[in-house]
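Here it is: the structure, laid out below.
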Amino acid sequence: MSRTLIKQATMVNEGQQQVVDLLIEQGRIAQIAPQIDCVADQVINAEGLHLMPGMIDDQVHFREPGLVAKGDIATESRAAIAGGITSYMEMPNVNPPTISLETLEAKYALGAQKSWANYSFYLGATNDNADEVARVNPLNVCGVKIFMGSSTGNMLVDRETALRNIFRQSPILIATHCEDTPMIKEQEALYRERYGEDVPMSAHPLIRCHEACYKSSSMAVELAKETGARLHVLHITTADELALFEPGPVESKKITAEACVHHLWFNDQDYEKHGSLIKCNPAVKTQSDRDAIRQALIESRIDVIATDHAPHTWEEKQNSYFKAPAGLPQVQQSLSVLLDLYHQGVFSLELIVDRFSHNVARLYQIADRGFIREGYWADLVLVDLNKPHTDDKAHNLYKCQWSPWEGHTFKSSIIKTFINGELMYDQGQFAAFKPGQRLTFNR
C-alpha cells in the first residue's frame, strides 16, 4: 500500500482547528505534525483546504436486496463517498427483511462485494424475533432497529410485550423509529374523508403529527429506563420531544437522539415548492421545530446528525399523497448542506464534525474511526469552503438520479475522500473500485 503525505491542511478535529501535515501508511494515520518531511508515493498540497474525519452516517437505506430499482449498495455508497461519507450503517427494511442472523450475514456478504465505503448493517426487530436479537454479536453489528411506526411487511413492532422483550434482551444499542401508527391512521382517515385521494402534501406533518411522534418517543424512553436498554431515538422532528433527552456528553448517556440533515434544512413552508420530494417519515415540520432541533444539537441534547438517505424513483414520487412513497436521497449532498449551515452561522465546523463523526464513533463504540488520530484508519475528507457548486441532475450519482436540492448552489465543495488510506474520490473522479471494510466495535 502506498504512502500518502497531505501537506498544510487546516485540520478540524476534536474541537480545534490547526494547520498540519498528515502521513498515511498502511491505510492508517501514521503521523500528524506541523511539518513532516519524508519520502511519499503521493504528496497532496492541501493549503487552503479543510481536513475532516470522514462522516459516519448512522442511518441510510441503500435498498439492497430486493428494492434495487431505487438504489443499491454500490450506487449509493459511491454517491456517499462523493459526499464525504466514509462509513455508514444501513437499515433492515429491504426484501427479504434483515430480521435473522442468516439474512444479516448475507447482507454483509453483499457489502464486502459492493460497498465503496465502510459499512455496518442493523438487525431488524419484529413482534416475534426477540430470541434472534439476543444472539446478535456486539463486536461486529452496529445495532438493532425497531420500527415503532411507519414500516412495511412484518417489521412494525406494535405489541408492548414484544417491545419489552426486545429492550430487555438486546445486547447492543437499540435504534428506534418513533411514530404512533394508530394515531396516524386516524389522521389519514380524517384527511381522506375531507380530500379523497387529493390530500395536499402540506398536510403530511399534520397527518404524521407532533403528538404521534411524542407518544411513541416517550414510550421508547420509558421502556429504556425500565429495562436499562441502550436506546438511540432516530430522526427527531419536534420541539416537544426534546424534553425527553438530557444535554451532555454522549459517553455519559444511555438514551440518545439523532437529527437528520433534511429536518435541519427544510420546514413545512417548503412543501409548496418541493411537494412529495420532501415527503418523509417522520415528516418535515414547522420552522420552530426545525430551529429547536438546531439548538438541541448545539447544546448536546441531540447527539448525532445523520441522513436517513432513502431513495425512490422519480416516477414513484410523482404520485398523489397516499401513493407517493416517503423518503429522499441525500448522502451526496448532506455534508454540503451542513457546510451551508456553517456559512449561515448556524453551526460551527467543530460542531458539524463532532455530531456527524466523533459522536457517532463514541455512541456506537466504533473501533479506530471517527477521529483524526495517529493509529486510526485514514478515513478523511478534504473540503474547499470557498468553492461553490450547483446541485444538478448531470452530476447526481444516485440510481434514482434526483435530489431535493437540485438547482441549489452550495457554497462549499467536497474535494477528496480517503477510505482506509486510499484516495477513492478526487474532484469528481473515482479510483478503481476497492471495497470498504466491515465496521467493528469496542464493546
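What you see is a predicted model; the values in this text were computed from it and never measured.
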ask   = Between the side chains of S357 and R369, is a donor N or O closer than 3.5 angstrom to an acceptor N or O?
value = no
ask   = From S413 OG over to L382 CG, what is the distance, rounded to the nearest 0.5 angstrom?
value = 12.5 Å
query = What distance do E179 atom CD and I207 atom CD1 have between them, rounded to the nearest 0.5 Å?
reply = 11.5 Å
key: ring-ring contact (aromatic ring centres under 6.0 Å, His included) partners of Y398, counting only residues at least two apart   =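 Result, ring-ring contact (aromatic ring centres under 6.0 Å, His included) vs Y398: H309.
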ask   = Under a 4.5 Å cut-off applied to non-hydrogen side-chain atoms, are V12 and L51 in contact?
value = no
query = If you round to the nearest 0.5 Å, how far is NZ of K323 from OG of S276?
reply = 14.0 Å
message = Run the side chain to side chain donor-acceptor pair (under 3.5 Å) test against R301 and tell me which residues pass, sequence neighbours left out.
response = E299
request  = Determine yes or no for a side-chain-to-main-chain donor-acceptor pair under 3.5 angstrom, with K393 supplying the side chain and E406 the backbone.
outcome  = no
ask   = Just by modelled atom types, is the T307 backbone N or O under 3.5 Å from a matching donor or acceptor in the Q330 side chain?
value =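 Checked: pair present.
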ask   = Going through the distances and angles, do K70 and E316 end up as a side chain to side chain contact (heavy atoms under 4.5 Å, CB included)?
value = CA-CA 10 Å; K70 302 171 187 282; E316 288 175 313; 2.6 Å; yes
Donor-acceptor pairs under 3.5 Å, side chain of residues 78-88 to any protein atom, not counting sequence neighbours: which ones?
unit_1	atom_1	unit_2	atom_2	d
S87	OG	N118	ND2	3.4
Y88	OH	S115	OG	2.8

key: Heavy-atom closest contact (S300 atom, R355 atom, distance)   =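 Scanning both residues, the minimum pair turns out to be OG-NH2, 3.0 Å.
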query = Is there a donor-acceptor pair closer than 3.5 Å between any side-chain N or O of D291 and the backbone N or O of S288?
reply =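 Between the backbone of S288 and the side chain of D291 there is no qualifying donor-acceptor contact (under 3.5 Å).
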task = For the pair E132 (side chain) and L101 (backbone), establish whether a donor and an acceptor sit closer than 3.5 Å, ignoring hydrogens and angles.
result =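 Present.
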key: Sub-4.5 Å side-chain heavy-atom contact between R164 and F167   =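 No, side chains not in contact.
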ask   = Looking at L341, V346, V337, I302, which hits side-chain contact (heavy atoms from CB on, under 4.5 Å) with L264?
value =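 Answer after filtering L341, V346, V337, I302: L341.
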ask   = Within a strict 4.5 Å, meaning less than it, do heavy atoms of the T256 and V250 side chains meet?
value = yes
task = Check C260 against E258 and note the closest heavy-atom contact, atom names and distance.
result =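 Heavy atoms of C260 and E258 come nearest at SG-OE2, 3.2 Å.
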key: Smallest separation among heavy atoms of L339 and L385, with atom names   =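 So the two residues come closest at CD2-CD2, 4.0 Å.
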ask   = Just by modelled atom types, is the A324 backbone N or O under 3.5 Å from a matching donor or acceptor in the Y321 side chain?
value = no
ask   = Does the side chain of E241 reach to within under 4.5 Å of the side chain of T237, using non-hydrogen atoms?
value = yes
remark   = Separation between CD1 (I415) and NE2 (H50), nearest 0.5 Å, reads 12.5 Å
inquiry  = Would you say that D289 contacts D268 through its side chain, given a criterion of any heavy-atom pair below 4.5 Å between the two side chains?
reply    = no
ask   = For the residue pair H235 and H177, does the interplanar ring angle fall in the parallel (under 30°), tilted (30 to 60°) or perpendicular (over 60°) class?
value = perpendicular
task = Can you establish whether the number of heavy atoms outside E197 located under 6.0 Å from its atom CD is more than 12?
result =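 Yes, enclosed.
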key: Step-by-step side chain to side chain contact (heavy atoms under 4.5 Å, CB included) determination, D379 to N420   = CA-CA 5 Å; D379 296 338; N420 303 313; 3.5 Å; yes
request  = Return yes if some donor-acceptor pair links the side-chain N/O of Q332 with the main-chain N/O of H395 below 3.5 Å, else return no.
outcome  =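 Pair found, side chain donor or acceptor close to backbone of H395.
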query = What is the minimum heavy-atom distance between F356 and A306, and which atoms define it?
reply = CE2-CA, 4.3 Å
request  = Apply the test side chain to side chain contact (heavy atoms under 4.5 Å, CB included) to residues I56 and M89: give CA-CA distance (whole Å), side-chain angles for both, the deciding distance (0.1 Å), then the verdict.
outcome  = CA-CA 8 Å; I56 305 172; M89 303 175 198; 4.1 Å; yes
inquiry  = Taking W116's backbone N and O only, do any of them form a donor-acceptor pair with S77's side chain (distance below 3.5 Å, no angle check)?
reply    =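 Flag set: sc S77 to bb W116 pair under 3.5 Å.
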task = Hey, can you tell me if W265 and F410 have their rings parallel, tilted or perpendicular (30° and 60° cut-offs)?
result = tilted
Note, R290 side chain near V284 side chain (heavy atom, < 4.5 Å) = no
ask   = For the residue pair F347 and Y342, is the inter-centroid distance of their aromatic rings smaller than 6.0 Å?
value =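 No, the ring of F347 stays outside the 6.0 Å limit from the ring of Y342, centre to centre.
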message = Tell me which one of D303, D58, D354 satisfies salt bridge (Lys or Arg N to Asp or Glu O under 4.0 Å) with R362.
response =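 Testing R362 for a salt bridge (Lys or Arg N to Asp or Glu O under 4.0 Å) against D303, D58, D354 leaves exactly one candidate, D354.
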ask   = Should the ring pair Y364 and H232 be called parallel, tilted or perpendicular, given that the plane angle runs from 0 to 90° and is split at 30 and 60?
value =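 Perpendicular, since the angle between the ring planes exceeds 60°.
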query = So, S403 side chain and W405 main chain: donor-acceptor pair closer than 3.5 Å or not?
reply =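 Judged by distance alone, yes, a pair lies under 3.5 Å.
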query = Taking atom OG1 of T313 and atom CG of L67, what is their separation to the nearest 0.5 Å?
reply =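 That separation rounds to 11.5 Å.
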query = For R373, what residues pass the side chain to side chain donor-acceptor pair (under 3.5 Å) criterion, not counting sequence neighbours?
reply = E14, Y376
For residues 137-148, which side-chain donor-acceptor pairs fall under 3.5 Å, sequence neighbours excluded?
unit_1	atom_1	unit_2	atom_2	d
N137	OD1	L139	N	2.9
N140	OD1	R438	NH2	3.3

task = Consider only side-chain N and O atoms of H262 and D308, and report whether a donor and an acceptor are under 3.5 Å apart.
result =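 Result is no, nothing qualifies.
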request  = Find the distance between NE2 (H263) and OG1 (T238) and round it off to the nearest 0.5 Å.
outcome  = 10.5 Å
request  = Assess whether atom NZ of K411 is packed by more than 12 heavy atoms of other residues, nucleotides or ligands within 6.0 Å.
outcome  =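 Atom NZ in K411 is not packed in, count stays at 12 or less.
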inquiry  = I'd like to know whether L328 forms a side chain to side chain contact (heavy atoms under 4.5 Å, CB included) with L277, so could you lay out the CA-CA distance, the side-chain angles of the two residues, the decisive distance to 0.1 Å, and finally the verdict.
reply    = CA-CA 7 Å; L328 52 94; L277 299 185; over 6 Å; no
query = Hey, are the side chains of L163 and M219 touching, using non-hydrogen atoms and a 4.5 Å cut-off?
reply =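 SC-SC contact between L163 and M219 confirmed.
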message = So does M201 get a backbone contact from the side chain of K279, meaning a donor-acceptor N/O pair under 3.5 Å?
response = no
ask   = H343: what forms a ring-ring contact (aromatic ring centres under 6.0 Å, His included) with it, not counting sequence neighbours?
value =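 Counting only residues at least two positions away or on another chain, H343 forms no ring-ring contact (aromatic ring centres under 6.0 Å, His included).
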ask   = Looking only at heavy atoms, which two atoms of H358 and F371 are closest? And how far apart?
value =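 Scanning both residues completely, I find the closest heavy atoms to be ND1-CD2, 3.3 Å.
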task = Find out whether E76 and E90 are in side-chain contact, i.e. whether some heavy atom of one side chain is under 4.5 Å from a heavy atom of the other.
result = no
inquiry  = Tell me the closest heavy-atom pair linking G111 and I73, and the distance in Å.
reply    =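 Reported closest heavy-atom pair: N-CD1, 4.2 Å.
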query = Just by modelled atom types, is the T390 backbone N or O under 3.5 Å from a matching donor or acceptor in the T409 side chain?
reply =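 A pair under 3.5 Å: no.
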